[in-house]
Amino acid sequence: MSTVAFSLILFGVLLNAAAQLLLKAGTNAIGHFSFSLENALPVGLKLAFEPHIFGGLCCYVVSVVVWIMALSRVPVSIAYPMLSIGYIVNAFAAHWLFGEAVTAQKLLGIGFIIVGVYLVARS
């Protein structure tokens, strides 16, 4: 895999991870909500105008473009497993930003992901 191809994959993964973190920050700002027919419009408007949600959606849009560029250079059987890197990024970022727990079980899972991504990247 070329440096450009790997960079595109990594950038796409990081954008996707950023989108998830921004969406979480947005839902934290809004608070718990439930959709029903009566509150669909007010909740929808809150979501539409929450800056973190908007930023997360923008990251998704850019990540799709970057991902398409990556897929034009790398087989999907190699590129797709690389999305797992996002789990690693999000676990540590969520711990740092939101105080979410990084347990021993999560660390073991992250270790398996790292080994798997390494094996796929070398194939």
Side-chain angles (χ1 to χ4, degrees):
M1 178 180 332
S2 73
T3 304
V4 170
F6 183 75
S7 297
L8 286 169
I9 290 171
L10 189 59
F11 187 50
V13 167
L14 293 175
L15 280 168
N16 195 295
Q20 286 297 318
L21 294 165
L22 284 165
L23 292 177
K24 178 61 178 166
T27 57
N28 284 352
I30 291 172
H32 178 79
F33 60 89
S34 298
F35 274 116
S36 66
L37 191 54
E38 297 82 36
N39 73 357
L41 184 61
V43 169
L45 288 172
K46 275 186 185 180
L47 292 171
F49 291 105
E50 179 12 79
H52 296 98
I53 301 275
F54 181 75
L57 294 175
C58 289
C59 283
Y60 272 136
V61 169
V62 176
S63 78
V64 168
V65 173
V66 171
W67 192 250
I68 290 169
M69 291 172 62
L71 289 176
S72 74
R73 292 163 171 81
V74 178
V76 71
S77 62
I78 292 174
Y80 189 70
M82 300 287 181
L83 288 174
S84 300
I85 296 168
Y87 293 115
I88 300 165
V89 171
N90 274 338
F92 292 111
H95 173 71
W96 181 58
L97 295 169
F98 307 121
E100 295 184 9
V102 178
T103 63
Q105 188 172 354
K106 283 183 186 177
L107 290 172
L108 181 63
I110 287 169
F112 282 122
I113 290 169
I114 291 169
V115 170
V117 168
Y118 174 77
L119 292 172
V120 169
R122 292 192 43 93
S123 66

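Hydrophobic clustering, with ILVMFWY side chains joined whenever heavy atoms are under 4.5 angstrom apart, groups M69 together with F11. By the criterion of side-chain heavy atoms lying less than 4.5 angstrom apart, applied directly or through intervening Ile, Leu, Val, Met, Phe, Trp or Tyr residues, I113 is not grouped with Y118; the two fall into different hydrophobic clusters. No continuous path of hydrophobic side-chain contacts links L23 to F98 [ILVMFWY only; heavy atoms under 4.5 Å]. Hydrophobic clustering of Ile, Leu, Val, Met, Phe, Trp and Tyr side chains at less than 4.5 Å, counting indirect connections, keeps F6 apart from L8. Note on V65: it does not cluster hydrophobically with L14, by side-chain heavy-atom contacts below 4.5 Å among ILVMFWY residues.
Separating the CG atom in L15 from the CG atom in L10 is a distance of 10.0 Å, to the nearest 0.5 Å. Atom OH of Y80 sits about 11.0 Å away from atom CG of L71, to the nearest 0.5 Å.
Looking at heavy atoms from C-beta onward, F92 lies in side-chain contact with V102 at the 4.5 angstrom threshold. Residues W67 and N16 are not in side-chain contact: their nearest non-hydrogen atoms beyond the backbone lie 4.5 Å or more apart.
Nearest heavy atoms, L21 versus A94: CD2-N, 4.1 Å. Across every non-hydrogen atom of A101 and K106, the tightest pair is O-NZ, 2.8 Å. The minimum heavy-atom distance linking V66 with G12 is given by the pair CG1-N, 3.7 Å. When every heavy atom of V117 is checked against every heavy atom of P81, the shortest pair comes out as CG2-O, 3.9 Å. When all heavy atoms are compared, the tightest approach of C59 to L22 is SG-CD1, 3.9 Å. In terms of heavy atoms, E100 sits closest to H95 at O-ND1, 2.8 Å.
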Please table the atom pairs, donor to acceptor, closer than 3.5 Å between any side-chain atom in residues 36-57 and protein atoms at least two apart or in another chain.
from : atom 1 : to  : atom 2 : distance (Å)
S36  : OG     : E38 : OE1    : 3.2
S36  : OG     : N39 : OD1    : 3.2
N39  : OD1    : S36 : N      : 2.7
N39  : ND2    : S34 : O      : 2.5
E50  : OE2    : H52 : N      : 2.7
E50  : OE2    : H52 : ND1    : 2.7

